[in-house]
Amino acid sequence: MAEDRYDFEEIEKRWQKYWSDAGLFKTHEIPGAEKYYLLEMFPYPSGKLHMGHVRNYSIGDVAARYLKMKGLNVLHPMGWDSFGLPAENAAIAKGVHPNLWTHNNMAEMREQFKRLGISYDWDREVATCDPAYYKWMQWIFIQFFKNGLAYKKKNPVNWCPSCETVLANEQVESGVCDRCGSVVGKKELSQWYLKITDYAERLLSDLDRLEGWPAKVKLMQKNWIGKSTGAEVDFGIEGSDKTLRVFTTRPDTLFGVTYMVLAPEHPFVKELTAGGAYEEPVRQFLEKLQYLSDIDRTAVTLEKEGLFIGRSAINPLNGAKVPVYIANYVLPDYGTGAIMAVPAHDQRDFDFAVKYGLDIIPVIDPPADARIDVNNLKEAFIAEGRMINSGGFNGLSNREAIEQITAYIEEKGIGAASVNYRLRDWLISRQRYWGTPIPMIRCDACGWVPEKEENLPVLLPTDVAFTGKGESPLTTSKTFRETTCPLCGGKAERETDTMDTFLDSSWYFLRLCDAHNEKEAFSKEKTAYWMAVDRYIGGVEHAILHLLYARFFTKFLCDIGSCPVDEPFTNLLTQGMVLKDGKKMSKSVGNVVSPEEIVNKYGADTARLFILFASPPEKELEWSDAGVEGSYRFLNRVFRLVSELAETLKSAPDDYTSVTEADRALDFAMNRAIKKVSDDIGGRFGFNTAISSIMEAVNALYKYKELPQTNAGLLKAALTDLILILSPFTPHICEEMWRLTGHGASLYGEKWPDYSEAALARDRTEIVVQVNGKVKEKFEVESGLGKEELIAAARADARVQRLIAGREVLKLVAVPGKLLNIVVKQ
RNA sequence: GCCGGAGUGGCGAAAUUGGCAGACGCACAGGACUUAAAAUCCUGCGGUUCGUGAGAAUCAUACCGGUUCGAACCCGGUCUCCGGCACCA
């Protein structure tokens, strides 16, 4: 490295040690102080930080350091989402125990965090794989169980054949495993579920309260929860005393029902066909369906296939008899698993009716005088209209009919208004080792019984075999499996599945408030002080999964009186991806830039500065090696400036008065930068524009210092402010420059500079003169002129007179402080 | 298919409330310094036309139209790209 470059290696190391030795980042509850809880999503300890991490944590660190300087009591903790499959895969592949592998990775990554200079309070570090943490995870699970929100159910579940485990609906992305990309199949298994559906309505309606969340994320959650309002209606079945209940969002179309469809898995199907001629064809239909993966089963492109099952249903409104089918397009686990089909007004039903030659009866005509022509119908009519063929409801608008028919079926006792959600209960069992053991015990006499709370944690056994095949590795540990029933003391068996790691991450922000509590998951006092998280920062890929689960946990813990708030995150920032050559950095594409390499070559400050400058936080960031060079050049430029002036500053006065025009210009530039940086960090997180305004200030300083006559007091103030406002972005070099300019030991937590309104006030203001909206001239006027004065000043200006000479002025639009638009006849 | 979001120089971007389009940076070009290079410093840098020149005119924020004194920004339509959901009755 050339000697005219600043020695980032030595400087960064020294300051990191200083911060650590001085314990500057330790945080405590300070009664009365304004608190700010700033959190970045904790990482999975894969072993190395990638550029996305660097971006995430740099963004957070700027805010943390800034808010600290603004005098807030800032909580900025970090931890590890340290249970998960990669550790176990490493165990299978290399024979390393997942615990060792994980702890080695955490140690390595903790060093990388420190080398980036992120201001974390490491005393609060938590790891979800730590028994001291998962003890309380198990405690929370037991609270769910005790409140009837955790249950075990046998169900066809999503099964990833490659990960050899079940997956939650949220972890299946269009039919494939979101971890490994394998096509997800179905398997009939008895699994633990959390009843998140009980919270569907609150998770939905409380989104309105989250004003500090991006609209996009709220919309994604809203769509995921998928609320539908409608009615449930009972249809009779001919020759049976059973009633078939269906859910519909369109009770107005009840008179248009021409057939019924059950999901093939619907329990009625076997009963209704048993012993008859349809039993065998139905069995074959079901068998064929079993071989379909989820992706094929639910694809829109899948040809609709159905089978008449030999029975008729009776429409409770008009007594019409309609055939009953089973079909692949009806889902067993939504609504009642059965539908009434109205081909005239539902496209799916229409397609099916056309294929199987079923009747189509329109019950809604388009508004105005148009009529539906059933014989020439090309597609279902799904718009609004006027009721026909619907007995006493004819003539109503279909909207009115929805209400009146719903009221009618309620009155007759054949149905009721109803709400359905797309959201399903959360399947949380995993057939893997490296996760929190589900603290439940199966007793033949007592059923499922939770482990006694005083016996927690239920520790992960160490005598297991990692085969990666079939069942949970915990089943191979006899000492783990065999136990006694906490209720009756009889012989019993432990649950051998572990929890989905998304549970671990659904409450860590609470534990971080009180990381070492041995008596409870977190204390009320500490969470009351720190919660909610004032700003949460992470990738948009967690918009649904993690952020929905965390909201669910918080609401539940609030309901049982453990947590003081029912929404965890007041403000959310979803940062954009880091791209290289237009694509997401990934090993498979081979476009990964390693943070380590960049930090070694340019230092952490340069890496941070580039990442923060190249793009606004929420947008994608295109990696540019040349851009990194540019950021490095800028830091050297600042360092040279400060080094050159350092001696002068030591003898400079603390006060100054701007005398010359140049003095005032510099004073103006500095104060504008302070205002801009304060507004940008404190407000909309416009870090890129904050940095550009600092660059402008540096350019102004370079110009100023070359002048024959400079003001030492002004220079001192300017450089002091410059170092302070740059410090949240590039803390190491700023600490060093702070020292070089003769200030105190560390600038961490130093008061953030205020800008001076007086310095920003200008005597004269430039006014743009437009003719018919096009800029023609500029002229200066005294600041603070009103509309009339501005127009008068303009009329007096020779250039303006020239512009309007010989033209008919129709109108003058004056915007004080900005412009004057002269509208002339064309 | 449905629901969102975005489209601005060679590139990353800025324009915060409808008011100077392109700040800041990258790349590039020219100059200074140097035996030379690197580094550094200075200058230029959307297109077209005109002018020897300072400069002037004109077009330009995906495309077409509208509202407005004035539109990158608001409205309607089209195209492209990105994201989410994807037979949810």
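Within every chain, numbering begins at 1; the chains are lettered A, B, ... in the order of the sequence lines, protein sequences first and strands thereafter.
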Quiz question: going by heavy-atom distance under 3.5 Å, is there a donor-acceptor pair between the base of B:rC87 and the side chain of A:Lys304? yes

Can you tell me, in whole Å, how much space there is between the C1' of B:rG9 and that of B:rU48? 15 Å

Nearest-nucleotide check on RNA chain B, A:Glu620 vs A:Asp349; residue mapping nearer the 5' end is A:Glu620

Salt bridge (Lys or Arg N to Asp or Glu O under 4.0 Å) pairs touching residues 246-264 of chain A, sequence neighbours excluded, are A:Arg250-A:Asp252

Could you tell me which residues satisfy salt bridge (Lys or Arg N to Asp or Glu O under 4.0 Å) with A:Lys355, sequence neighbours excluded, listed by chain and number? A:Glu303

Side chains of A:Ser228 and A:Asn420: is there a donor and an acceptor less than 3.5 Å apart? no

Dot-bracket, 5' to 3', for RNA chain B please: Watson-Crick or G-U pairs under 3.5 Å, [ ] where pairs cross earlier ones, | where the partner sits on another strand, dots elsewhere. (((((((..(((......[....))).(((((.......))))).(((((....)))))..(((((..]....))))))))))))....

Quick one: is A:Lys776 getting a side-chain N or O under 4.0 Å of the B:rU58 phosphate, OP1 or OP2? yes

Report the distance from atom CD1 of A:Ile225 to atom P of B:rC85, rounded to the nearest whole Å. 14 Å

Among B:rA21, B:rC24, B:rC85, which nucleotide has an atom closest to any side-chain atom of A:Val775? B:rA21

Between B:rG22 and B:rG47, how far apart are the two C1' atoms, rounded to whole Å? 13 Å

List in chain and number order the residues that pass salt bridge (Lys or Arg N to Asp or Glu O under 4.0 Å) with A:Arg608, two or more places apart in sequence or in another chain; answer none if no residue qualifies. A:Asp61

Mind calculating the distance between CZ (A:Phe634) and P (B:rA13) to the nearest angstrom? 20 Å

Please state the P separation for the pair B:rG1 and B:rC73 - nearest whole angstrom. 27 Å

Distance between the P atoms of B:rC63 and B:rC11, in whole angstroms? 15 Å

Over-ring placement of A:Lys304 relative to A:Tyr329, 6.0 Å and 45° cut-offs: yes

For A:Asn223 and for A:Gly335, find the nucleotide of RNA chain B with the closest heavy atom, then tell me which residue's nucleotide is more 5'. A:Asn223

Could you pull out all residues at least two apart from A:Thr229 that satisfy side-chain hydrogen bond (donor to acceptor under 3.5 Å, both in side chains)? none

Contacts under 3.5 Å, N or O only, protein and nucleotides 67-70 of chain B:
from: B:rC69; atom 1: O2'; to: A:Asn821; atom 2: ND2; distance (Å): 3.1
from: B:rC69; atom 1: O2; to: A:Asn821; atom 2: ND2; distance (Å): 2.5

N or O in side chain of A:Arg422 less than 4.0 angstrom from B:rA89 OP1/OP2: no

With sequence neighbours left out, the residues meeting side chain to side chain contact (heavy atoms under 4.5 Å, CB included) with A:Asp198 are A:Leu149, A:Lys195

Nucleotide of B:rC24, B:rC41, B:rG84 approaching A:Met220 most closely (side-chain heavy atoms): B:rG84

What interatomic distance, in whole Å, is found between C1' of B:rG84 and the corresponding atom of B:rG44? 46 Å

Inter-nucleotide P distance (B:rG46, B:rU35), Å rounded: 35 Å

In whole Å, measure the gap between the C1' atoms of B:rG4 and B:rG70 for me. 31 Å

Closest approach to the side chain of A:Trp224, judged atom by atom: which nucleotide of B:rG19, B:rC85, B:rU40 is it? B:rC85

With sugar-phosphate meaning primed atoms plus P, OP1 and OP2, does A:Phe613 contact a base, only sugar-phosphate, or nothing at under 4.0 Å between heavy atoms? base

What is the separation between atom NZ on A:Lys774 and atom P on B:rU58, rounded to the nearest whole Å? 7 Å

N or O in side chain of A:Arg637 less than 4.0 angstrom from B:rC24 OP1/OP2: no

Could you give the distance separating B:rU8 and B:rA13 at their C1' atoms, to the nearest angstrom? 9 Å

Write down the distance between CD (A:Glu629) and P (B:rC11), rounded to a whole number of angstrom. 21 Å

Sequence neighbours excluded, which residues qualify as side chain to side chain contact (heavy atoms under 4.5 Å, CB included) partners of A:Leu707? A:Ala662, A:Tyr704, A:Thr710

Once you round it to whole Å, what is the distance between C1' of B:rG25 and CG of A:Asn699? 10 Å

Check: A:Ser615 side chain, A:Glu620 main-chain N or O, donor-acceptor pair, under 3.5 Å: yes

Heavy-atom nearest pair, A:Val815 first then A:Leu790, reads O-CD2, 3.9 Å

With sequence neighbours excluded, residues passing side chain to side chain contact (heavy atoms under 4.5 Å, CB included) with A:Glu622: A:Leu579

Every protein N/O lying under 3.5 Å from an N/O of nucleotides 4-8 of chain B:
none

Whole-Å gap separating P (B:rG83) and NE2 (A:His542): 17 Å

If you only use heavy atoms from C-beta on, which nucleotide in B:rG12, B:rC20, B:rA14 is closest to the side chain of A:Val768? B:rC20

Which pairs would a plain distance check flag for residues 695-702 of chain A, meaning a side-chain donor or acceptor within less than 3.5 Å of a matching protein atom at least two apart in sequence or in another chain?
from: A:Asn699; atom 1: OD1; to: A:Arg637; atom 2: NH2; distance (Å): 2.8
from: A:Tyr702; atom 1: OH; to: A:Arg637; atom 2: O; distance (Å): 2.8

In this structure, how many angstroms lie between the P atom of B:rG25 and the CD1 atom of A:Ile691, rounded? 12 Å

From C-beta outward on A:Glu766, which listed nucleotide comes closest to its side chain: B:rA89, B:rG12, B:rC20? B:rC20

State which residues pass side chain to side chain contact (heavy atoms under 4.5 Å, CB included) with A:Pro323; sequence neighbours excluded, sorted by chain then number. A:Tyr259, A:Phe308, A:Tyr325, A:Leu358

For the side chain of A:Lys818, starting at C-beta, report the closest nucleotide among B:rG19, B:rC41, B:rG12. B:rG19

Are side-chain N/O atoms of A:Thr606 and A:Arg633 paired as donor and acceptor at under 3.5 Å? no

Whole-Å distance between B:rU40 P and A:Phe639 CZ? 15 Å

Closest to the A:Arg633 side chain, choosing from B:rC24, B:rA89, B:rA27: B:rA27

